[in-house]
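Structure, as structure tokens:
Just so you know, ligand 1 is whichever comes first in the structure, and atom 1 is the first atom listed for that ligand. Numbers here are sequence positions counted from 1.
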Amino acid sequence: MISQALRDARRYEEILEKQISPQERPAFHLTPRSGWMNDPNGFCWYHGAYHMFYQYYPYASHWDDMHWGHAVSRDLLHWEFLPAALAPDELYDRDGCFSGSAITLPDGRHLLMYTGVVNEKDRNGKTWGVQTQCVAIGDGIDYEKYEGNPVLTEKDLPEGASRFDFRDPKIIQKKDGSLLCLLGSRPADKSGQILLYGSKDGLHWEFRKVLIANNCRFGKMWECPDFFSLDGHQVLLTSPQDMLPEGFEYHNGNGTLCLIGTWDEDKEEFIASKDQSIDYGIDFYAPQTVETPDGRRIMIGWLQNWDACAIRDDEDPWAGQMSLPRELSIRDGRLYQAPIREIEELRSNRAAYGDVHINGSLELENISGRCVELLVSVRPKDPANVYHKFSIYFAQNEQYHSTISYRPHEAVLKIDRKFSGSRRAIIHQRRCLVEESRNGEIQLRIILDRFSSEIFINDGRQVVSAAMYTPLDAEGISFFADGEAVMNIVKYDLGTGEVLD
Ligand code: FRU
């Protein structure tokens with residue numbers, strides 16, 4: 001039975017979608033069908049297609065009562081909207097269906113596990129959301145909430161854990177077919193931890209242990225965990241709130257954390273030995289991963305940050321977009337990311353320049369556009385006399401531009417969208433330490449879509465992402481060097497072919 005609330009949302013989004021032209025959206029990044037989007041949810045491969053659900057408020061371009069929006073794709077670049085999957089329509093989730101994950105049941109049905117929220121007021125009138133875990137089962141389009149919901153409540157919490165911070169279930173399957181669920185939680189020390197629950201059928205769950213405690217090291221509450229093995233290591237991704245910067249790591253307030261370590265499945269023991277930010281730019285949060293049928297681990301995050309939401313206006317027809325799908329690997333104990341290889345299918349209009357000497361400003365014929373891939377490698381003309389600064393300007397006209405600049409003497413790469421058209425004094429810059437490029441040799445793979453830039457540094461050792469809402473006629477790209485540098489450039493236009501890009 002489809003509730004009135006879900007029917008309303010489906011009717012509304014269907015009408016609103018028609019009012020947003022394809023040119024008002026990115027060419028190959030997923031945006032909400034209408035209104036607001038935050039975290040990716042239930043990212044999975046199900047019955048021959050990738051499914052992406054997302055935190056969704058269809059009725060306005062701001063966060064409000066959370067629904068689950070829904071889209072499908074065969075290559076993670078061309079997306080088709082499906083009707084919203086969940087609405088907050090039950091007593092146990094009436095104030096929101098928060099983030100969660102999806103698995104395929106042995107009988108082929110699709111199971112979504114999400115956090116149900118019910119608001120409570122304290123003596124001072126402050127609202128707190130009590131969070132429980134709920135399940136819905138369906139066929140890839142319509143989902144029925146389980147009559148036994150909620151399946152995990154405060155009764156299932158270890159001592160000291162908050163019932164207001166208990167969310168974002170991520171289900172994984174063990175080799176024996178049984179299920180584990182990781183959940184973000186806030187222990188008594190007000191920091192974060194990941195709780196582990198076990199189940200045979202996805203409906204009946206029991207508490208197993210605290211998988212890993214933050215002990216106040218990486219921010220506070222840990223949101224949106226994901227957990228998988230990759231290249232012989234075990235990886236835990238989570239998005240901690242309220243992070244403190246450590247050197248050049250963790251500058252985003254609401255940041256991202258990648259822990260790399262070992263996992264003993266029999267003992268259910270995870271030991272983390274390395275940590276890093278997932279993305280070093282301004283906008284990236286709450287990523288989820290999927291394993292492709294050919295065994296690749298692909299990650300998509302929300303290409304926005306809670307601290308920088310004001311980059312979008314309430315009058316805008318949609319707010320929030322997903323990042324590029326990124327292929328993950330571990331090399332030298334670090335997480336590497338590459339744009340999903342299917343993006344090569346979107347390429348056209350190649351332009352290439354070799355050994356371009358630059359000292360000052362430079363524009364190159366056929367290098368411009370807002371849906372573009374740029375492969376740029378830079379080196380000093382004279383290794384004994386390394387240039388001071390190298391910059392790329394993009395989304396540029398007389399009024400607007402964004403930049404990426406690299407200063408080899410400091411080994412710092414900076415993204416700056418101050419002049420991208422934002423009218424708010426929010427964070428517009430981020431710096432990233434690229435230690436290995438102190439000699440002035442750096443490789444950048446830049447993917448621009450209409451409203452985003454994602455920069456993969458040195459073969460994806462670090463990634464810097466930022467949203468930008470610059471008017472689309474600002475499509476210039478130019479280069480600048482302070483000192484003598486030499487660069488090789490290849491450019492492709494990127495388009496899905498659905499609209500003229
Ligand atoms: C992370 C988050 C999740 C929560 C959702 C609510 O961005 O705060 O922890 O489930 O957003 O929309």
>> Could you tell me if Asp279 and Ser465 have a donor-acceptor pair between their side chains, going purely by distance under 3.5 Å?
In response: yes
> Can you tell me which residue and heavy atom of the protein come closest to atom 8 (O) of ligand 1, and the distance to 0.1 Å?
Replying inline: Glu223 OE2, 2.9 Å
>> I need the minimum non-hydrogen distance between Thr256 and Tyr285, along with the two atoms involved.
In response: CG2-CA, 4.0 Å
> For ligand 1, which atoms have a heavy atom of Met66 less than 4.0 angstrom away?
Replying inline: 12 (O)
> Should one rank Asp64, Asn305, Asp168 by closest heavy-atom distance to atom 9 (O) of ligand 1, which comes out on top?
Replying inline: Asp168
> Is ligand 1 less than 4.0 angstrom away from at least one heavy atom of Trp63?
Replying inline: yes
>> Heavy-atom distances under 4.0 Å decide this one: backbone, side chain, both or neither, for Asn38 against ligand 1?
In response: side chain
>> Taking the six-membered ring of Tyr336 as reference, does the cationic atom of Arg331 (NZ for Lys, CZ for Arg) lie under 6.0 Å from its centre and within 45° of its axis?
In response: yes
> Should Arg167 be counted as touching ligand 1, given the test is an N or O pair under 3.5 Å?
Replying inline: yes
>> Side chains of Asn254 and Asp307: any donor to acceptor distance under 3.5 Å?
In response: yes
> What atoms of ligand 1 come within less than 4.0 Å of a heavy atom belonging to Trp306?
Replying inline: 1 (C), 7 (O), 11 (O)
> Any Lys/Arg nitrogen of Glu17 or Arg33 sitting under 4.0 Å from an Asp/Glu carboxylate oxygen of the other?
Replying inline: yes
> Step by step, would you call His428 with Ser420 a side chain to side chain donor-acceptor pair (under 3.5 Å)?
Replying inline: CA-CA 9 Å; His428 287 315; Ser420 67; 5.4 Å; no
> Any N/O of Gln55 closer than 3.5 Å to an N/O of ligand 1?
Replying inline: yes
>> Side chains of Asp75 and Ser73: any donor to acceptor distance under 3.5 Å?
In response: yes
>> Among all protein heavy atoms in this structure, tell me which lies nearest to atom 1 (C) of ligand 1, with the distance rounded to 0.1 Å.
In response: Asp39 OD2, 3.0 Å
>> Would Tyr285 count as being in polar contact with ligand 1, using the rule that some N or O on each side must be under 3.5 angstrom apart?
In response: no
>> Under a 4.0 angstrom heavy-atom cut-off, which atoms of ligand 1 come close to Ser99?
In response: 5 (C), 10 (O)
> Centres of the Trp79 and Phe28 rings: under 6.0 Å?
Replying inline: no
